[in-house]
**Student:** 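This is the structure I have questions about; it appears just below.
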Amino acid sequence: MKKVIIAAIAIMGIGLAGCSSSKSTSKPSEAVNVVNQAQKAAHSIKSGNVLLVTKNTQNKKTSTGKIAAKFYLKPMIVQAKLNNTAGLVKNYDYFIEGRTVYIHADNNWSKQRLPKKSPLIKSVKRQVSASAAVRAMAYLKNHLKLQKNQAADTLSYNGHGKLGSMVAKKIILAEANHSESTKNVLKKVKITKFTYKYTLDKKTYLPTNTYIYMQYQDRSSKKSITEEVTGTYTNVNKVKRFKVPADIKQNAPSTNQVNE
């Protein structure tokens, strides 16, 4: 059960091709038209600022994790601050530049070289670019409600049926790189609620807020766990390329390569 939640914490990052309407001759609804524009805009994200807040509740106790990041994707560089109430290290800062991660913990900087195709780099990229919400949007495309106001549009879905359960599990599996252990855990878990919201700028269709809520129940113990992830995006495509400060690059000692 714990592995499912750990996989879902990185929830903010996935991106699939969109679904098409089953009736090719029918006129797309206004909501579907907005979805199409939002998907196209999401794939154009190059930089920005993001605040991700994850809340995990089980046994009436809630733990919160926060990531505040500035990012530029091509080439990828991320500067972030992490606060995790449940982690062994409660707070730390980090940079990721290419395959090198610079971590500031215990008042010291260190650096590690990551392997090629590192799942950690892929996970961070998904988190900062809102791709989890974009992938979910593809599955929910023909079932999303559209709420419009003067500055933004919001696409939403709220349910606990087969569709919501399927989307929730696909998100979890993608974040866990479709590991066999996660597949086995999901067989013992029932998704009892799934809520989705994607708010976008009316002019650019770029994301301003994302929200995903999942509630799980262990089939044997009947205990419930909830996971709530909120993303706030600002300055999308307006952040200029930046660098890791020279003093950090020069003075951070190298540690052994990590297998992530």
Side-chain angles (χ1 to χ4, degrees), residues 3 6-17 42-54 65-84 87-135 170-182 207 210 229 231 233-260:
K3 292 181 179 179
I6 291 174
I9 285 176
I11 204 170
M12 279 335 260
I14 315 171
L16 278 181
H43 291 301
S44 74
I45 294 176
K46 299 176 182 178
S47 66
N49 297 97
V50 58
L51 174 64
L52 300 176
V53 180
T54 302
K66 294 182 180 180
I67 300 175
K70 177 173 70 171
F71 67 94
Y72 190 96
L73 295 180
K74 294 183 179 181
M76 179 173 161
I77 180 168
V78 177
Q79 179 183 5
K81 179 182 290 291
L82 185 145
N83 305 103
N84 185 5
L88 295 176
V89 179
K90 302 297 184 183
N91 305 287
Y92 64 86
D93 301 303
Y94 68 83
F95 284 90
I96 294 179
E97 183 179 52
R99 289 170 50 201
T100 303
V101 55
Y102 300 84
I103 301 175
H104 184 258
D106 299 325
N107 298 316
N108 293 300
W109 283 96
S110 62
K111 61 184 176 184
Q112 296 174 328
R113 183 74 168 169
L114 302 176
K116 292 182 179 179
K117 299 181 180 179
S118 164
L120 175 61
I121 293 176
K122 292 180 181 178
S123 177
V124 171
K125 185 175 181 179
R126 286 196 299 261
Q127 287 178 338
V128 299
S129 63
S131 58
V134 176
R135 175 167 287 189
K170 283 187 176 294
I171 289 174
I172 295 167
L173 282 172
E175 289 304 314
N177 294 310
H178 297 273
S179 70
E180 288 301 320
S181 60
T182 302
T210 59
V229 184
Y233 298 84
T234 55
N235 298 318
V236 179
N237 289 345
K238 295 180 181 179
V239 171
K240 295 182 179 180
R241 185 179 176 183
F242 57 98
K243 298 181 179 180
V244 178
D247 60 330
I248 295 177
K249 273 193 169 185
Q250 294 170 3
N251 299 322
S254 297
T255 60
N256 292 333
Q257 176 174 296
V258 294
N259 295 318
E260 293 191 54

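All values below were derived from every heavy atom in this structure, side-chain atoms included, with hydrogens, water molecules and symmetry-related copies excluded. If you read the sequence from its start, that first residue is 1, and numbering goes on from there. Keep in mind that what you see is a predicted model, and the values were worked out from it rather than measured.
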**Student:** Does Lys125 reach the side chain of Leu73, with side-chain heavy atoms less than 4.5 Å apart?
**Tutor:** yes
**Student:** Show the nearest heavy-atom pair for residues Val236 and Pro207, with the distance to one decimal.
**Tutor:** CG2-O, 4.0 Å
**Student:** So, using side chain to side chain contact (heavy atoms under 4.5 Å, CB included) as the criterion, who are the partners of Asp93 when residues are at least two apart?
**Tutor:** Lys81, His104, Trp109
**Student:** Minimum heavy-atom separation for Tyr233 and Leu52, please, with both atom names.
**Tutor:** OH-CD2, 3.8 Å
**Student:** Can you name the residues that form a side chain to side chain contact (heavy atoms under 4.5 Å, CB included) with Ser110, not counting sequence neighbours?
**Tutor:** Ile103, Thr255
**Student:** With a 4.5 Å heavy-atom cut-off, do Ile45 and Val128 have their side chains touching?
**Tutor:** no
**Student:** Please name all residues satisfying side chain to side chain contact (heavy atoms under 4.5 Å, CB included) with Asn107, sequence neighbours left out, ordered by chain then number.
**Tutor:** none
**Student:** Listed by chain and number, what are the side chain to side chain contact (heavy atoms under 4.5 Å, CB included) partners of Glu97, not counting sequence neighbours?
**Tutor:** Ile77, Tyr102, Val244, Lys249
**Student:** Of the non-hydrogen atoms in Lys111 and Ala252, which two are nearest, and what is the gap between them?
**Tutor:** CE-O, 3.2 Å
**Student:** What residues, two or more places apart in sequence or in another chain, satisfy side chain to side chain donor-acceptor pair (under 3.5 Å) together with Thr100?
**Tutor:** Arg113
**Student:** Check side chain to side chain donor-acceptor pair (under 3.5 Å) between Asn237 and all other residues, then give those that pass, not counting sequence neighbours.
**Tutor:** none
**Student:** Would you say the side chain of Lys116 lies within less than 4.5 Å of the side chain of Arg99, judging by non-hydrogen atoms?
**Tutor:** yes
**Student:** Going through the distances and angles, do Met76 and Val124 end up as a side chain to side chain contact (heavy atoms under 4.5 Å, CB included)?
**Tutor:** CA-CA 10 Å; Met76 179 173 161; Val124 171; 3.9 Å; yes
